[in-house]
Amino acid sequence: MTHTFRPSVTVAAIIERDGRFLLIEEETSEGIKLNQPAGHLDPHESLEQAVVRESLEETAHEFIPEALVGMYMSRYHSKSRNADVTYLRFTFCGKAGRQYDQPLDDGILRTLWMTRDEIAASAERHRSPIVLQCVDDYLAGKRTELALLHTHPSVFEGGLTTTNQV
């Protein structure tokens, strides 16, 4: 039997206001790191739903996705699991909506608004090697309409199909 390669699917939000980007500072197994609001795609949700949920959980801000900035793949060696992990990240840009009075997700220490140069100067603290790449792509105007993304009803609870299709 052969092993099927399955990258971890993640989503991230680029939220810019007055030349500053909303980042999170989080505690990880490798120390305190900086990242965009980001996280894993959960069962029964679309990519857009995942980025809205993750942004709210990690920043206490609503996130209104407006476009897809890019799709990124990176590999990383997890010291805690002693294994290589490949991530497939869908990065969205959009606006921050209402801020709620709620605790941030476990492990999130605080939110920060940083300029592109401040983000670049802190590269050794980035959670992912593509944090700055996503910001630079956003600043370069890279955008794809959300209509490019389609989530089949079979993804949502109760919408399962009986055929095996890719």
Side-chain angles (χ1 to χ4, degrees), residues 7-42 45-146 148-149:
S8 292
V9 176
T10 62
V11 294
I14 301 286
I15 303 168
E16 187 249 345
R17 182 185 291 159
D18 300 324
R20 295 186 173 275
F21 296 89
L22 182 58
L23 296 182
I24 53 114
E25 187 175 62
E26 61 185 323
E27 198 168 336
T28 74
S29 61
E30 296 177 10
I32 297 173
K33 299 289 183 180
L34 295 172
N35 200 5
Q36 282 98 8
H40 291 272
L41 176 68
D42 282 351
E45 69 182 353
S46 69
L47 292 165
E48 297 100 312
Q49 289 169 331
V51 74
V52 167
R53 175 185 51 77
E54 286 290 350
S55 297
L56 182 61
E57 290 173 355
E58 294 190 353
T59 71
H61 283 85
E62 285 180 330
F63 176 63
I64 301 105
E66 296 176 336
L68 181 68
V69 174
M71 297 167 278
Y72 305 84
M73 192 159 52
S74 64
R75 196 171 105 200
Y76 142 90
H77 183 77
S78 171
K79 293 176 186 172
S80 64
R81 292 189 285 184
N82 193 29
D84 285 344
V85 181
T86 298
Y87 291 96
L88 180 58
R89 179 193 237 211
F90 293 81
T91 301
F92 296 83
C93 64
K95 301 277 186 245
R98 181 176 161 204
Q99 184 174 5
Y100 292 90
D101 183 18
Q102 69 182 44
L104 303 179
D105 213 0
D106 287 343
I108 306 299
L109 303 175
R110 64 182 175 143
T111 60
L112 304 120
W113 290 91
M114 298 175 73
T115 66
R116 187 263 177 218
D117 291 342
E118 291 169 336
I119 295 168
S122 63
E124 75 284 349
R125 295 184 59 215
H126 293 179
R127 173 91 188 249
S128 163
I130 57 178
V131 168
L132 184 59
Q133 179 69 52
C134 293
V135 170
D136 285 344
D137 287 350
Y138 168 82
L139 290 171
K142 293 186 179 181
R143 308 281 191 282
T144 301
E145 292 180 26
L146 294 177
L148 176 73
L149 301 172

Worksheet item: Where do Leu34 and Met114 land on the side chain to side chain contact (heavy atoms under 4.5 Å, CB included) test, with the steps shown first?
Response: CA-CA 11 Å; Leu34 295 172; Met114 298 175 73; 4.1 Å; yes
Worksheet item: Which atoms form the tightest heavy-atom contact between Thr28 and Gly31, and what is the distance?
Response: OG1-O, 2.7 Å
Item to complete: Heavy atoms only: give me the nearest Pro65-Leu146 pair and the separation to one decimal.
Response: O-CD1, 3.5 Å
Worksheet item: Considering only heavy atoms from C-beta outward, does the side chain of Leu56 approach that of Gln102 to under 4.5 Å?
Response: yes
Worksheet item: Would Asp106 and Glu27 satisfy side chain to side chain contact (heavy atoms under 4.5 Å, CB included), going step by step from the backbone distance to the final call?
Response: CA-CA 9 Å; Asp106 287 343; Glu27 198 168 336; over 6 Å; no
Worksheet item: Does some side-chain heavy atom of Arg116 sit less than 4.5 Å from a side-chain heavy atom of Leu132?
Response: yes
Discussion item. Return the NZ to CD1 distance between Lys33 and Ile24, rounded to the nearest 0.5 Å.
Written reply: 12.5 Å
Worksheet item: How far apart are the closest heavy atoms of Cys134 and Val69, and which atoms are they?
Response: O-CG1, 4.0 Å
Practice prompt. Taking all non-hydrogen atoms of both residues into account, name the closest pair between Glu45 and His40 and its distance.
Written response: OE2-O, 4.1 Å
Worksheet item: In Å and rounded to the nearest 0.5 Å, what is the CZ to CD1 distance from Arg89 to Ile130?
Response: 4.5 Å
Worksheet entry | Gap separating the CZ atom of Arg20 from the CD1 atom of Ile119, nearest 0.5 angstrom | 9.5 Å
Fill in: Atom of Gln36, atom of Glu58 and distance for their closest heavy-atom approach
O-OE1, 4.2 Å
Discussion item. Let's go through Ile108 and Glu57 carefully: what are the C-alpha distance in whole Å and the side-chain angles of both, what is the deciding distance for side chain to side chain contact (heavy atoms under 4.5 Å, CB included) to 0.1 Å, and is it a yes or a no?
Written reply: CA-CA 9 Å; Ile108 306 299; Glu57 290 173 355; over 6 Å; no
Worksheet item: Given Tyr138 and Phe21, is the ring pair (Phe, Tyr, Trp, His ring centres under 6.0 Å) satisfied, shown in steps?
Response: CA-CA 11 Å; Tyr138 168 82; Phe21 296 89; 5.7 Å; yes
Worksheet entry | Spatial distance of atom CD1 (Ile15) from atom CD (Glu62) [nearest 0.5 Å] | 11.0 Å
Discussion item. Return the CG to OG1 distance between Leu22 and Thr111, rounded to the nearest 0.5 Å.
Written reply: 5.5 Å
Worksheet item: OH of Tyr76 to OG of Ser8: how many Å apart, nearest 0.5 Å?
Response: 11.0 Å
Worksheet entry | Between Tyr72 and Gln133, a side-chain donor and acceptor under 3.5 Å | no
Worksheet item: Do Val52 and Phe92 have side chains that get closer than 4.5 Å, going by heavy atoms?
Response: no
Discussion item. Please verify the inter-ring angle class for His61 with Trp113; under 30° counts as parallel, over 60° as perpendicular, anything in between as tilted.
Written reply: perpendicular
Worksheet item: With the threshold set at 4.0 Å, does a side-chain nitrogen-carboxylate oxygen contact exist between Glu66 and Arg143?
Response: no
Worksheet item: Can any side-chain N or O of Glu54 pair as donor or acceptor with the backbone N or O of Ala13 at less than 3.5 Å?
Response: no
Worksheet item: Which pair of heavy atoms, one from Val51 and one from Ala12, lies closest together, and at what distance?
Response: CG2-O, 3.4 Å
Discussion item. For Glu124, is the CD atom crowded, meaning more than 12 foreign heavy atoms sit under 6.0 Å from it?
Written reply: yes
